[in-house]
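To keep things clear, I will list the structure first and then write my remarks on it.
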Amino acid sequence: MTVAAPSGAQPIGSLGIVQGLCTLDDGVGWFSGLTPTCRQGVLREVAGYAMQAHITAADGRAGVARSGVKPTANPSVMICMDPPRYGFAGLPSAEHIKAFRVLVSVFAVADTRRRGCVGAT
């Protein structure tokens, strides 16, 4: 999900982070300003993107390291399972920001890996 930032600034949101248009911290600031219901919707959407990117356990570990979230936190454990678990929207609201950081970071790793494989034989 990408939302236009005020004053003509770069778009903010999960896709903006993956595309390098804003930082993870900017995205977290945007995400933390959403209502809990909107956060759940964003988590569902980003989890869908991650599923489409066919994340691997290695992507999960690399994304968790990039996210700044402890590897033992619920979202980190969920994404590093084989196969990954995607029920992030069902986590308690206190876990939503950690889940967002992990999901976006893992999606960015998987997306970069997939783009590097485009056209490879």
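Only this structure's heavy atoms are used, side chains among them; waters, hydrogens and symmetry mates stay out. Note that the structure is predicted; figures quoted are calculated from it, not measured.
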Between [X] and [Y], is any pair of side-chain heavy atoms under 4.5 Å apart?
X: Ile55; Y: Tyr86; result: yes
X: Glu95; Y: Pro75; result: yes
X: Arg66; Y: Val109; result: yes
X: Leu24; Y: Ser105; result: yes

_Please report the interatomic distance SG(Cys38) to CG(Leu43), rounded to the nearest 0.5 Å._
11.0 Å

*asked:* Quick check for you: to the nearest 0.5 Å, what is the distance between Gln52 atom CD and Phe107 atom CZ?
replied: 8.0 Å

Just by modelled atom types, is the [Y] backbone N or O under 3.5 Å from a matching donor or acceptor in the [X] side chain?
X: Ser32; Y: Gly29; value: yes
X: His96; Y: Leu91; value: yes
X: Arg113; Y: Asp59; value: no
X: Ser76; Y: Val64; value: no

*If you measure from the Lys or Arg side-chain nitrogens to the Asp or Glu carboxylate oxygens, is any gap between Asp25 and Arg101 under 4.0 Å?*
yes

*Minimum-distance pair of heavy atoms, taken over all atoms of Cys80 and Ala57*: O-CB, 4.1 Å

_Val77 versus Pro71, closest heavy-atom pair with distance_ = CG2-O, 3.6 Å

*Could you walk me through whether Tyr49 and Leu103 pass the side-chain contact (heavy atoms from CB on, under 4.5 Å) test, one step at a time?*
CA-CA 9 Å; Tyr49 297 149; Leu103 274 172; over 6 Å; no

*Has Arg39 got its NZ or CZ under 6.0 Å from the middle of the six-membered ring of Phe31, at an angle within 45 degrees of the ring axis?*
yes

*Trp30 and Phe100 aromatic ring geometry - parallel, tilted or perpendicular at 30°/60° bounds*: tilted

